[in-house]
Amino acid sequence: TPEKELPRKGDVLVYADPAKNGAPVALADIQVGQVVYAFPKGRSLNGSDVVKNGVPRNQLIVAKFPADQLKAPTDVKATDQGIVVYSRQCMHLGCAVEIKPYPSKNLQEAAVCPCHGGVYDLAEGAKVVDGPPPAPLPQLPIKVQGSQVVVDGFFLSLPKDLTESEFEAQKK
Ligand code: FES
């Protein structure tokens, strides 16, 4: 179904919050210390315009950091104005991570998994800083176009529930 399609270059990020009715995420809402949850919206393979909210890996975290706080392995070429976007689906068993402070690693804004305590550092490429996840949250390249945040490529690492060959096909 179109809602389960993968994010594609040119998709616009829209609010995940149902109260916002699929509106594009406003730049003014993406501030340092203020995370937004989003989905990609764009043209599906059958030509319809669709919010791709049908699979957990398409739930996205949109965060912003001062440029000097973004560190490797974040791909800064895939960011714009300090905005980084990651899949919200935990790389352990796939629960949706929550954004909250994680004082024991001195993080104001970490992605914390409610299921088994996985913790990711969003300013450092969502690397795993605690718990069982085997890999970072996949980063989705974006750019700012006008007042919108637009997808600018495919996930930079293999998302959950996607095979290696499906992933390679997307990168082409
Ligand atoms: Fe996230 Fe297990 S599913 S830590």
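Each ligand, and each atom within it, is numbered from 1 in the order the structure gives.
- In this structure, Gly94 is part of the shell of residues with a heavy atom less than 4.0 angstrom from ligand 1.
- Below 4.0 Å from some heavy atom of Gly118 lie the following atoms of ligand 1, by number and element: 4 (S).
- The protein atom (non-hydrogen) at minimum distance from atom 3 (S) of ligand 1 is Leu93 N, 3.2 Å.
- Note that Arg88 lies in the cation-pi zone of Tyr37, set by a 6.0 Å cut-off to the ring centre and a 45° limit from the axis.
- Residue contact annotation: Cys113 places no N/O/S atom under 2.8 Å from atom 2 (Fe) of ligand 1.
- Between Asp11 and Lys52 there is a salt bridge, since a side-chain N of the basic residue sits under 4.0 Å from a carboxylate O of the acidic one.
- Under the 3.5 Å distance criterion, with hydrogens and angles disregarded, a donor-acceptor pair is assigned to the side chains of Gln89 and Asp161.
- Using a 3.5 Å distance cut-off with no hydrogens or angles, the side chains of Asp29 and Tyr15 do pair a donor with an acceptor.
- Those atoms of ligand 1 with a heavy atom of Cys90 less than 4.0 angstrom away are 1 (Fe), 3 (S), 4 (S).
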Under the criterion side chain to side chain donor-acceptor pair (under 3.5 Å), I'd like the reasoning laid out for Glu166 against Thr163: C-alpha separation, chi angles, the key distance, then a yes or no.
CA-CA 5 Å; Glu166 286 170 320; Thr163 65; 3.2 Å; yes
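- The minimum distance between atom 2 (Fe) of ligand 1 and any N, O or S atom of His116 involves atom ND1.
- In His92, the N, O or S atom that comes nearest to atom 2 (Fe) of ligand 1 is ND1.
- The pair Asp152-Lys9 counts as a salt bridge, with a side-chain nitrogen and a carboxylate oxygen less than 4.0 angstrom apart.
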